[in-house]
Amino acid sequence: MNNLLVMKFGGTSMGSAERIRVASQITAGERGARPVVVVVSAMSKITDLLLDSLRRAEAGDDVGLEADIEKLRERHVAACRELLPPDGHEAAIEAVHRLVGEFQRIAGGVLMLGVRPPSSVDEAIAIGERLSALLMAAHLEAWGVRAVAVSGADVIVTDAVFGSASPLMEQTREKARQLLLPLLEAGVVPVVTGFNGATADGRPTTLGRGGSDFSASILAASLDAAELWIWTDVDGIMTADPRLVPEAAVLDEVTYSEAAELAYAGAKVLHPRTLAPLVDRQIPVWSKNSFALDKPGTKIVSKLDAQEHGPRAVTSMASVALVSLEPASAALSGTKAMARALEALSASNAEVLMLSSSSYRQNFCFLVRKDELAAVLECLESTLSLELAHGYLRPISVDENVGLLSVVGEGMKGTQGLAGRIFMAISRENVNIIAIAQGSSELTISIVVRRDGLEKAVQAIHAECRIGEQAHLHKE
Ligand code: ASP
Ligand code: MG
């Protein structure tokens with residue numbers, strides 16, 4: 001299929017009848033020129049509401065559950081009424097009732113049994129996206145653009161890691177092409193639910209919170225799309241969080257590596273796993289703002305025409321914890337301690353945000369998200385129980401009063417003096433540096449500081465390295 005465009009609309013871009021109307025207009029406009037596949041998130045806050053309902057159900061709170069379900073139904077029925085002509089909304093409202101009924105049935109099971117099996121949770125929370133896809137497809141149809149809602153479960157094949165599944169790309173490619181290409185050839189816009197998939201034997205899964213971006217990139221790769229556009233509520237990828245740094249600017253272009261690094265380091269604009277499926281096929285991605293159609297957005301490409309020297313952006317993460325391990329006796333080598341700790345980390349499935357050790361005999365530390373800390377500690381304590389019990393290892397220490405900042409840019413490679421300037425800028429703010437890491441690709445320098453110095457340090461680095469003042473940037 002030539003010139004295929006995949007467009008993903010996030011929760012805020014689908015957040016109300018008015019926003020769905022804008023998303024549909026964008027779709028209709030592009031559809032005039034080329035085939036389009038749309039991928040949608042649930043309406044903003046709906047996934048949170050669904051998860052909350054299931055927690056209430058598990059706790060036996062049937063009144064709270066009923067109230068949540070009523071909110072779910074009411075918001076989507078109201079959107080149907082606003083979006084569709086009076087003689088056309090009955091069928092859509094009925095379909096909303098059916099999907100809400102499906103959710104109610106699963107939540108009812110959770111209420112009765114007092115447990116939330118992960119596979120039931122995945123089946124239930126995907127209903128948020130199925131509702132928004134239904135609304136958008138019905139709206140497009142009502143305005144003369146042929147469209148059909150498709151569940152991600154019918155096109156994305158995943159492993160069985162419920163709540164954070166990974167795609168099986170070959171099987172997905174086959175399934176997606178089989179179902180979606182005939183629709184596209186017939187001139188129909190498939191409106192696919194983001195976030196969800198299913199195992200090869202048909203059990204529903206989800207790709208993790210914020211996973212609709214990932215769904216869109218999986219489909220773009222599977223269909224050999226010409227481009228992927230990700231519509232959000234910000235102007236693109238920025239040099240820093242504008243709430244922390246008023247001078248932050250939108251980047252015209254970044255590389256896949258830079259964008260992925262920024263996403264993993266806390267820039268909220270893209271789901272971290274989004275770019276991996278696109279790199280091989282070099283499918284360009286645009287991050288665009290559906291609230292500001294005149295802004296060009298950021299283009300993500302494999303290589304920049306002229307790579308700038310120095311950092312492109314600085315990000316920060318506040319809800320993190322630093323875990324430190326230290327051998328206490330010669331009976332346990334530092335290397336062995338690290339090997340065992342990494343084994344435990346991999347078993348916990350947590351993401352390691354940075355890792356540092358100045359000497360293999362000494363202290364070794366790594367940073368994880370606070371909400372993954374309990375799982376990490378549990379795995380560490382069980383994997384290292386003997387070493388801890390025999391005193392070969394000092395008690396594991398945890399510091400939750402820290403923050404991570406990451407300075408990112410491909411052009412930092414080989415640029416001398418940069419680390420010095422970054423550290424000077426931080427020290428001028430009287431912020432103490434607790435741990436540092438830079439991989440040999442020199443793409444990112446990660447620095448752990450006291451939590452209360454994090455914002456000051458980000459501002460100081462942005463100013464010192466004149467990030468945002470370089471070429472290829474448009475200032476707001
Ligand atoms: N609706 C899902 C979430 O809120 C997926 C997404 O928005 O990308 O996590
Ligand atoms: Mg979202």
Side-chain angles (χ1 to χ4, degrees), residues 6-16 19-20 23 37-55 68 71-72 75-76 79 96 99-100 102-103 106 116 118 120-136 149-153 155-156 158 161-167 191-198 204-220 228-234 237 259-260 263-264 266-278 285 287-291 319 351 369 371-372:
V6 176
M7 287 201 286
K8 180 259 173 175
F9 293 95
T12 49
S13 300
M14 295 293 288
S16 63
R19 299 318 307 167
I20 294 178
V37 171
V38 168
V39 176
V40 293
S41 287
M43 294 177 87
S44 48
K45 303 273 168 22
I46 289 295
T47 310
D48 290 336
L49 178 69
L50 297 176
L51 284 164
D52 181 68
S53 314
L54 295 174
R55 271 190 294 270
D68 274 357
K71 271 190 228 160
L72 176 71
R75 183 146 167 222
H76 290 89
V96 166
L99 282 174
V100 173
E102 225 178 281
F103 181 78
I106 303 170
R116 266 181 306 164
S120 304
V121 171
D122 278 1
E123 182 176 7
I125 61 180
I127 287 172
E129 271 70 12
R130 288 170 63 199
L131 284 163
S132 63
L134 169 90
L135 292 181
M136 177 131 168
V150 173
S151 172
V155 283
I156 294 182
T158 71
V161 181
F162 298 102
S164 181
S166 296
V191 181
V192 187
T193 60
F195 190 39
N196 69 329
T205 54
T206 59
L207 302 170
R209 291 307 305 272
S212 299
D213 289 350
F214 193 26
S215 307
S217 75
I218 293 166
L219 290 178
L228 167 61
W229 294 6
I230 295 189
W231 291 97
T232 66
D233 56 3
V234 293
I237 299 179
Y264 277 108
K268 299 222 167 54
V269 61
L270 269 187
H271 186 273
R273 294 207 278 172
T274 308
L275 296 168
L278 305 168
V285 186
S287 164
K288 285 173 175 284
N289 188 351
S290 79
F291 292 74
S319 286
E351 193 188 326
R369 277 178 227 286
D371 56 13
E372 295 187 326

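Read the numbers this way: they start at 1 and go in the same order the structure lists the ligands and their atoms. All values below come from the heavy atoms of this structure, side chains included, with hydrogens, waters and symmetry mates left out.
- With ligand atoms numbered from 1 in the order given, ligand 1 contributes 1 (N), 2 (C), 5 (C) to contacts under 4.0 Å with heavy atoms of E129.
- A donor-acceptor pair under 3.5 Å is absent between the side-chain atoms of S215 and the main chain of G194, judged by distance alone.
- Of all the atoms in ligand 1, the ones that sit under 4.0 Å from a non-hydrogen atom of G210 are 3 (C), 5 (C), 6 (C), 8 (O), 9 (O).
- By the 4.0 Å heavy-atom criterion, G11 is excluded from the residues contacting ligand 1.
- Under the 6.0 Å distance and 45° angle rule, R130 does not count as a cation-pi partner of F195.
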If you look only at distance, which donor and acceptor atoms sit under 3.5 Å apart when one is on a side chain in residues 45-52 and the other is two or more places apart or in another chain?
from, atom 1, to, atom 2, distance (Å)
D48, OD1, R209, NH1, 3.1
D48, OD1, R209, NH2, 3.1
D52, OD2, R56, NE, 2.9

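- Contact annotation: the side chain of L54 approaches that of F103 to within less than 4.5 Å [non-hydrogen atoms, C-beta and beyond].
- For a threshold of 3.5 Å applied to N or O pairs, the pair formed by R209 and ligand 1 contains at least one separation below that value.
- Residue V150 is tested with V192, V38, V191 for a side chain to side chain contact (heavy atoms under 4.5 Å, CB included); the sole match is V192.
- Checking only distances, S41 does come within under 3.5 Å of ligand 1, N or O to N or O.
- No N or O atom of F195 sits closer than 3.5 Å to an N or O atom of ligand 1.
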